[in-house]
Amino acid sequence: MHLALYLSFFANLILALVSWAILPERVAIHFGAGGVPDDWGSSLAMTGLSVGLSLLLFGLLTRSADLVRRVPARWINLPNRAYWLAPERREATAVRLHERLQAFGTALFGLLFVAGLLTLEANLSDPVRLDEPLFLVALGSFLIYTLYWTWSLTRAFRVPSV
């Protein structure tokens with residue numbers, strides 16, 4: 001999962017830079033119902049937001065184990081927190097949670113990549129219009145994955161029976 005996270009992160013960075021290079025100065029940055037643009041901005045601002053968000057998310061996802069090791073337990077929302085964050089299990093919990101967050105991050109970067117591609121395609125079309133059905137399929141798929149991921153995380157962090 002480590003490699004998939006890195007590849008999906010770099011794919012988003014490359015897409016943002018390619019978009020900046022080929023898009024006009026003024027682009028649609030938000031779309032409403034029917035895929036119609038409802039907000040416009042500079043391509044540089046859109047690129048900066050995309051790169052900045054990707055860097056922030058990537059930093060949090062790749063440093064998640066360090067955060068679990070250092071952050072007070074009361075700030076960590078985890079099923080059976082007292083058990084899993086006990087000193088004798090905290091390191092194993094950090095590694096376990098980090099692996100799961102890498103999987104979630106890969107899916108998140110996948111959604112951002114699809115949204116970036118659809119935004120690029122929309123801004124290159126005339127008239128400018130987002131392929132809303134395709135975006136909704138990507139978003140729905142991500143939300144279904146998020147539900148599954150949350151369910152599996154809850155199961156993974158049950159207290160083992162003795």
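Just so you know, these numbers come straight off a predicted model, no measurement behind them.
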Taking the side chain as everything from C-beta on, heavy atoms only, tell me whether [X] gets closer than 4.5 Å to [Y].
X      : Y      : answer
Ile22  : Leu120 : yes
Phe113 : Leu15  : yes
Leu5   : Phe9   : no
Val36  : Val128 : no

Linked, directly or transitively: [X] and [Y] (ILVMFWY side chains, under 4.5 Å):
X      : Y      : value
Leu97  : Val159 : yes
Val27  : Trp20  : no
Leu153 : Trp151 : yes
Leu60  : Val71  : yes
Leu112 : Phe31  : yes

Looking at [X] and [Y], what are the two nearest heavy atoms and their distance?
X      : Y      : answer
Ala138 : Val114 : CB-CG1, 3.7 Å
Glu132 : Gly32  : OE2-O, 3.9 Å
Leu13  : Ser54  : CD2-CB, 4.2 Å
Ala45  : Ser42  : N-OG, 2.9 Å

Under a 3.5 Å distance rule, please check whether [X] uses its side chain to pair with a backbone N or O of [Y] as donor and acceptor.
X      : Y     : answer
Asn123 : Ala28 : yes
Arg158 : Asn80 : no
Arg90  : Val68 : yes
Arg81  : Arg74 : yes

Enclosure of Tyr83 OH (heavy-atom neighbours >12, cutoff 6.0 Å): yes
Would you say CH2 of Trp149 has more than 12 non-hydrogen atoms from neighbouring residues, nucleotides or ligands within 6.0 angstrom? yes
Would you give the length of the straight line joining atom [atom1] of [X] to atom [atom2] of [Y], rounded to the nearest 0.5 angstrom?
X      : Y      : atom1 : atom2 : result
Leu108 : Leu61  : CG    : CG    : 7.0 Å
Ile76  : Arg69  : CD1   : CZ    : 11.0 Å
Leu85  : Trp75  : CG    : CH2   : 14.0 Å
His30  : Thr119 : NE2   : OG1   : 10.0 Å
Ser8   : Gln102 : OG    : CD    : 10.0 Å
Leu3   : Thr106 : CG    : OG1   : 9.0 Å

For Phe157, all residues meeting ring pair (Phe, Tyr, Trp, His ring centres under 6.0 Å), sequence neighbours excluded: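 Partners of Phe157 by the ring pair (Phe, Tyr, Trp, His ring centres under 6.0 Å) criterion, ordered by chain and then number, come out as Trp84.
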Test side-chain contact (heavy atoms from CB on, under 4.5 Å) applied to Leu53 and Val51, Leu57, Leu55, the passing residue: Leu57
Please determine which of Thr146, Leu143, Leu139 meets the side-chain contact (heavy atoms from CB on, under 4.5 Å) test together with Leu111.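 Option passing the side-chain contact (heavy atoms from CB on, under 4.5 Å) with Leu111: Leu139.
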Please verify the inter-ring angle class for Phe58 with Phe10; under 30° counts as parallel, over 60° as perpendicular, anything in between as tilted.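 Tilted, since the angle between the ring planes falls between 30° and 60°.
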Let me see the working for Tyr148 and Ile144 under side-chain contact (heavy atoms from CB on, under 4.5 Å), right down to the final yes or no. CA-CA 6 Å; Tyr148 166 76; Ile144 290 168; 5.7 Å; no
Please tell me whether Phe142 and Phe104 form a close aromatic pair, meaning their ring centres lie under 6.0 Å apart. yes
Yes or no on side-chain contact (heavy atoms from CB on, under 4.5 Å) for Leu130 and Glu121, after CA distance, side-chain angles and deciding distance? CA-CA 8 Å; Leu130 182 72; Glu121 178 185 53; over 6 Å; no
